[in-house]
Amino acid sequence: MRPGEEWVAFKMAERGGRGSGGHGSLDKSITLPPDEIFRNLENAKRFAIDIGGSLTKLAYYSTVQHKVARVRSFDHSGKDIENEPLYEISVQEEITARLHFIKFENTYIETCLDFIKDHLVNTETKVIKATGGGAYKFKDLIEKKLGLKVDKEDVMTCLIKGCNFVLRNIPHEVFAYQKDSDTEFRFQMNHPNIFPYLLVNIGSGVSIVKVETEDKFEWIGGSSIGGGTFWGLGALLTKTKKFDELLQLASKGQHTNVDMLVKDVYGGAYQTLGLSGNLIASSFGKSTTADKEFSKEDMAKSLLHMISNDIGQLACLYAKLHNLDKIYFGGFFIRGHPVTMRTITYSINFFSKGEVQALFLRHEGYLGAIGAFLKGAEQDNPNQYSWGENYAGSSGLMSTSPDVYPMQRTRSGTFDMLEMDRLERPLVNLPLLKDPSTYIPDTVDLTDDAMARKYWLTCFEEALDGVAKRAAASQPDSIDALERAEKFRQKYWNKLQTLRQQPFAYGTLTVRSLLDTREHCLNEFNFPDPYSKVKQKENGIALKCFQSVIESLDSLGWEERQFALVKGLLAGNVFDWGAKAVSDVLESEPQFGFEEAKSKLQGIGSSVVVVGTGYCGPPHKCALIFADNSGIDIILGVFPFVRELLSRGTEVILACNSGPALNDVTYSESLIVTERIAAMDPVIQSALREEKLLLVQTGSSSPCLDLRYIGEVPVCYLSPSATGCSETSRFSRLDKGLAVLVRERKTDLVIIEGMGRAIHTNYYAALKCESLKLAVIKNSWLADRLGGKIFSVIFKYEVPCK
């Protein structure tokens, strides 16, 4: 069953509903639950619609109210704080922006419009932007139902705007289709510069558009032989009227029964011209001499090849003429159908001699609606923000061969959805990436690696009950926490089952995407920070040990101290509630602490993976440290290391997550922890006062780290004299982004800590400066795969080639 089918309840009634205005039979026999399909309609602000020949794509913008976890330092002045919590935790309501895109059959348009009208409370606009051929056909119906004036927009302009938007904002939007390989969908990493490219839109005919910039594009060619030709001739040849049924016939056919091949003409390959004997010499060529009747399947397959080869050759010629190497295909002819993508791919590969790939878009069907929405929202300048796909509310790419799962191709009653959340500030590349265009954050592609995919999906399934339990326990005063936790569990379980069947649903499947999907689902059911109380307690305990750890380190000689600092960094990284091996220990052994973690480390002297020899040379100008966990990790592991760097004359930028994920330290928590450490340690206090220690947020709320997307977010300078003041007065906020700060401070060392940031992601990341990637392997399966034991350590120091 496709995602979406379980969300639509059907009444098995006759299609008695009739549309108005001459629109024919419009189905009214569906019930649409507002919490799953047209979500948050009561807060919708702006609408756009793209109506094609068979599908309607609706877009709207809404404000979403959800819970966020906040921490605020207590005023401890003049009090005995020994038994007081370190800071106050509160859950507050926050308003954010979300884009909703819904795709459904035109058959249901009147019912859907009625539903929208009934649930729409307030909208800021009196106009709905519309594009597509159906915008004219259904204009009167839309205006009558919604009371909004239909403002029609140019189809091609909307397509281009929509294409630019998804290429910029969705990392795994583009894919190549490889039917006969182990990985059916091969996703491409987004290039920092998306222009120029060729867009080949295959609708009834074919339009070929060269796109050079955001607003500069031109129609450079096309053909009248397109999807409408395939559909029309197919209907004449097979008497099959439905497009999807025609494709299903083609998927079962054998074109060589109908087409004349090179070997049929020459008895084999045509060596002089280098033509394979299996190459089509004449489409439908055998029909002139054969006495037999051809099957519908064979004729449909021959027709599909004929149309696809013609389009592929045209696209290649135009790409060569304009010196373009990126060709994106879209239009209803494509629409995620494996059989059309396969024939287009073959054609492009043949005519370009393998130099150009046919590229497809995961959200190709939404381009027109996205573009129409952007046209209507130009005054809000949506392109000034970064947007991220909300996996909890998106259907994902579904594409299965029609002969294997024919019901997956049945579009009646199915609703595809895409949701995108606005990020507070634009996200940019880390300037220290050696080559952003070749950077791949994820270490293992689970779409490729079937064994790893099976393991990690099972791992996340087995951990799910514990995560749901932890979520409910984090809100003991909420009467519906258990109910919401169960809804979260079911939602994420369904996502995991989808990914078992369709690992390509949300792009390349990785440990990072599994973690991010879980965080999205937790937030969807208002569990913003399930580990907040755990972090609060562990931060308080670790702070009480900080001075004794520093005294112990200061008593050591230089070389011995360096080793102890590294061992402390690694021991601190053991405290990761996201690892089952660790959470089991922490729950069963409450006294397990820093020294016990040191004893757990495997092979700290022998099996440490070391690349290069640095750290004993001259001081670095500035070190950028991406921190991992709260508590012992950041306080007893990271901060002593930070202190040593500062003592050597190195400035430090400490980067923490903008939002919560597992027990990872957040930026707001790091501010309070740093303030308390500064009150105990003159080195940290002096560095803060002289702005040699800077605290920044990454722009991420993930246990992993994508260095292509870091935040241009405010940097906070912590005033050492501000203990006990309110949070707003304690910090002066300067609008300097992390990326800008890295350049300004001439950062020449990057330290990435933790399994999520340094192993699941960035293990192979190439940087322009020296880097140190370190983590403790807290998963026995992964340790075994890497040739070590659980709690083995990674300590990877790299110097870039000159």
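Aromatic ring pairs are classed by plane angle as parallel below 30°, tilted from 30° to 60° and perpendicular above 60°; the pair His337 and Phe243 is perpendicular. Between Phe350 and Tyr346, the ring planes lie parallel to each other; the angle is under 30°, not in the 30° to 60° tilted range. Classification of the Phe185-Tyr177 ring pair by plane angle, with boundaries at 30° and 60°, yields perpendicular. Using cut-offs of 30° and 60° on the angle between ring planes, the pair Phe329 and Phe360 is tilted. A parallel orientation is assigned to the rings of Tyr455 and Trp781, their planes being inclined by less than 30° (bins at 30° and 60°). Between Phe195 and Tyr197, the two ring planes are parallel [angle under 30°; tilted spans 30° to 60°]. Relative ring orientation between His322 and Tyr318 is described as parallel, the plane-to-plane angle staying below 30° on a 0-90° scale split at 30° and 60°.
Residues Asp416 and Phe101 have side chains not in contact (no heavy-atom distance under 4.5 Å, counting atoms from C-beta outward). Within the 4.5 Å cutoff, no side-chain heavy atoms of Ile348 are placed close to those of Gln357. You'll find the side chain of Asp706 reaches within 4.5 Å of the side chain of Tyr439, heavy atoms only. Side-chain contact between Phe504 and Arg186 is absent, with no heavy atoms from C-beta onward closer than 4.5 Å.
Checking side-chain atoms of Ser276 against main-chain N and O of Asn278 turns up a donor-acceptor pair under 3.5 Å. With hydrogens and angles ignored, the 3.5 Å screen pairs no side-chain donor or acceptor of Thr240 with any backbone N or O of Lys242. Under the 3.5 Å distance criterion, the side-chain polar atoms of Ser308 are left unmatched by any main-chain donor or acceptor of His305. A donor-acceptor pair is defined here as one N or O able to donate and one able to accept, closer than 3.5 Å; such a pair exists between the side chain of Ser251 and the backbone of Gln248. For Thr345 (side chain) and Met341 (main-chain N/O), a donor-acceptor pair under 3.5 Å exists by modelled atom type.
Checked by atom type, the side-chain pair Tyr506/Asp516 shows no donor-acceptor distance below 3.5 Å. At a cut-off of 3.5 Å, with distance as the only test, no side-chain donor of Asn762 or Lys773 sits close to an acceptor on the other residue. The closest side-chain donor-acceptor pair between Thr213 and Asp215, if any, does not fall under 3.5 angstrom. Using a 3.5 Å distance cut-off with no hydrogens or angles, the side chains of Thr761 and Asp442 do not pair a donor with an acceptor. For Gln497 and Glu461, the side-chain atoms include at least one donor-acceptor pair closer than 3.5 Å.
Atom CD1 of Ile208 sits about 12.5 Å away from atom CD of Glu218, to the nearest 0.5 Å. To the nearest 0.5 Å, atom CZ of residue Arg512 and atom CG of residue Leu705 are 9.0 Å apart. The CH2 atom of Trp219 lies 13.5 Å from the CD1 atom of Ile160; values are rounded to the nearest 0.5 Å.
Here the rule is salt bridge (Lys or Arg N to Asp or Glu O under 4.0 Å) with Lys286, and of Asp298, Asp264, Asp259 only Asp264 fits it.
If you look at Tyr108 and Phe104, their ring centroids are not closer than 6.0 Å.
The side chain to side chain contact (heavy atoms under 4.5 Å, CB included) test applied to Arg453 returns Leu446, Ala450, Leu457, Pro503, Leu509, not counting sequence neighbours. Asp310 meets the salt bridge (charged side-chain N to carboxylate O under 4.0 Å, His left out) test with no other residue; sequence neighbours excluded.
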Check against side chain to side chain contact (heavy atoms under 4.5 Å, CB included), Leu249 and Thr238: CA-CA 9 Å; Leu249 287 175; Thr238 67; 4.2 Å; yes
Report the C-alpha distance between Arg362 and Glu389 in whole Å, list the side-chain angles of each, state the deciding distance to 0.1 Å, and finish with yes or no for salt bridge (Lys or Arg N to Asp or Glu O under 4.0 Å). CA-CA 12 Å; Arg362 192 153 63 90; Glu389 184 175 2; 2.7 Å; yes
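Within the structure, every pair that satisfies the salt bridge (charged side-chain N to carboxylate O under 4.0 Å, His left out) test and touches residues 168-177, not counting sequence neighbours, is listed here: Arg168-Glu214.
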